[in-house]
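Just follow the structure's listing: the first ligand is 1, and inside any ligand the first atom is 1.
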Amino acid sequence: MRGCYEIKFNSIGNESIGYLVALEAKDQIPFEIKRIYYSHSVPNDVVRGNHAHKKLEQVLICLNGNLKIKCFNGKEEKIYELNSNDKGLYMGPMTWREIYNYTECTVLLVIVSEYYDENDYIRDYDEFLKLAKNI
Ligand code: T46
């Protein structure tokens, strides 16, 4: 769907020595990286996200466990499952997201194009729908 796509990473190594995944800005990560954060220990019945961003782009990688992400760009909706640490989900601006189905061991790493700025958030769904109409 417009604004979201999966990225497959190259795992270097093999079963006997283990694996390494290397990510570089402007290569596997399609922007300059300004911030990294991760979430963990999210109870299974919690839905995080419930917002969109005006400008920031990010790549989400589930390092351990799994989760689901429902993305909506104002027109199309798609549910992605992140269950492997050699896969990322690119999410562009103006994507409403709901993140859920965390397992006990889920660790979600997020690589971001902007520094943290609460003014970049759209937390009101009706406001998101109005703004998304004009894209
Ligand atoms: C997304 C999902 C996967 C900071 O102080 N710095 C930060 O870099 C971030 C991301 C958050 N915060 C503070 C702001 C809030 O007081 O941490 C609290 C929770 O943040 P937020 O509501 O952004 O958390 P999530 O897990 O609902 O959403 C975040 C991202 O915002 C979102 O874009 O895709 O993680």
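- At a heavy-atom distance under 4.0 Å, no atom of Met91 approaches ligand 1.
- Under the 4.0 angstrom criterion for non-hydrogen atoms, Glu118 is not in contact with ligand 1.
- When Tyr37, Tyr38, Tyr115 are checked for heavy-atom proximity to atom 35 (O) of ligand 1, Tyr37 turns out nearest.
- The line from OH of Tyr121 to CZ of Phe128 is 15.5 Å long, rounded to the nearest 0.5 Å.
- To the nearest 0.5 Å, atom CZ of residue Arg48 and atom CG of residue Leu108 are 9.5 Å apart.
- Residue-level proximity to ligand 1 for Glu98 is absent, since no heavy atom of it falls below 4.0 angstrom.
- Close contacts of ligand 1 with His53, meaning ligand atoms under 4.0 Å from a residue heavy atom, involve 31 (O), 32 (C), 33 (O).
- Counting atoms of ligand 1 from 1 in the listed order, those under 4.0 Å from a heavy atom of Tyr121 are 10 (C), 21 (P), 23 (O), 31 (O).
- Nearest protein heavy-atom contact of atom 34 (O) of ligand 1 is Gln58 NE2, 2.6 Å.
- Rounding to the nearest 0.5 angstrom, the gap separating the CG atom in Leu67 from the CG atom in Asn44 is 11.0 Å.
- Ring-plane geometry between His53 and His51 is classed as perpendicular, the angle between the planes exceeding 60 degrees on a 0 to 90 degree scale with a lower cut at 30.
- When heavy-atom distances to ligand 1 are checked against a 4.0 Å cut-off, Val112 has no atom that comes that close, whether in backbone or side chain.
- Closer than 4.0 Å to atom 18 (C) of ligand 1 lies none of the heavy atoms of the protein.
- Every atom of ligand 1 is numbered from 1 in the order shown, and the set under 4.0 Å from a heavy atom of His51 is 23 (O), 27 (O), 28 (O), 30 (C), 31 (O), 32 (C), 33 (O).
- Around the NZ atom of Lys34, the shell of radius 6.0 Å holds more than 12 heavy atoms that belong to other residues, nucleotides or ligands.
- Going from atom CG of Asn83 over to atom CG of Asn64 covers 11.5 Å, rounded to the nearest 0.5 Å.
- The structure places NZ of Lys130 at 7.5 Å from CG of Asp124, a figure rounded to the nearest 0.5 Å.
- Nearest non-hydrogen protein atom to atom 22 (O) of ligand 1 is Arg123 NH2, 3.2 Å.
- The proximity of Leu60 to ligand 1, defined as any non-hydrogen pair under 4.0 Å, is limited to the side chain.
- Among all protein heavy atoms, the one lying closest to atom 26 (O) of ligand 1 is Arg48 NE, 2.7 Å.
- In this structure, CG on Leu23 lies 5.0 Å from CD1 on Ile111, to the nearest 0.5 angstrom.
- The aromatic rings of Tyr125 and Trp96 sit perpendicular, their planes meeting at an angle over 60°, well past the 30° parallel limit.
- Ligand 1 places these atoms under 4.0 Å from at least one heavy atom of Leu108: 3 (C).
- When hydrogens are left out, the protein atom nearest atom 11 (C) of ligand 1 is Tyr116 CE1, 3.8 Å; that is the closest non-hydrogen contact.
- The shortest distance between side-chain heavy atoms of Glu114 and Asp120 does not fall below 4.5 Å.
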Test side-chain contact (heavy atoms from CB on, under 4.5 Å) applied to Ser39 and Ile99, step by step: CA-CA 11 Å; Ser39 54; Ile99 304 139; over 6 Å; no
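- At least one heavy atom of Gly49 sits less than 4.0 Å from an atom of ligand 1.
- The single protein non-hydrogen atom nearest to atom 10 (C) of ligand 1 is Arg35 NH1, 3.4 Å, given as residue, atom name and distance.
- Comparing heavy-atom distances from atom 3 (C) of ligand 1 across Asp117, Asp120, Ile99 singles out Ile99 as nearest.
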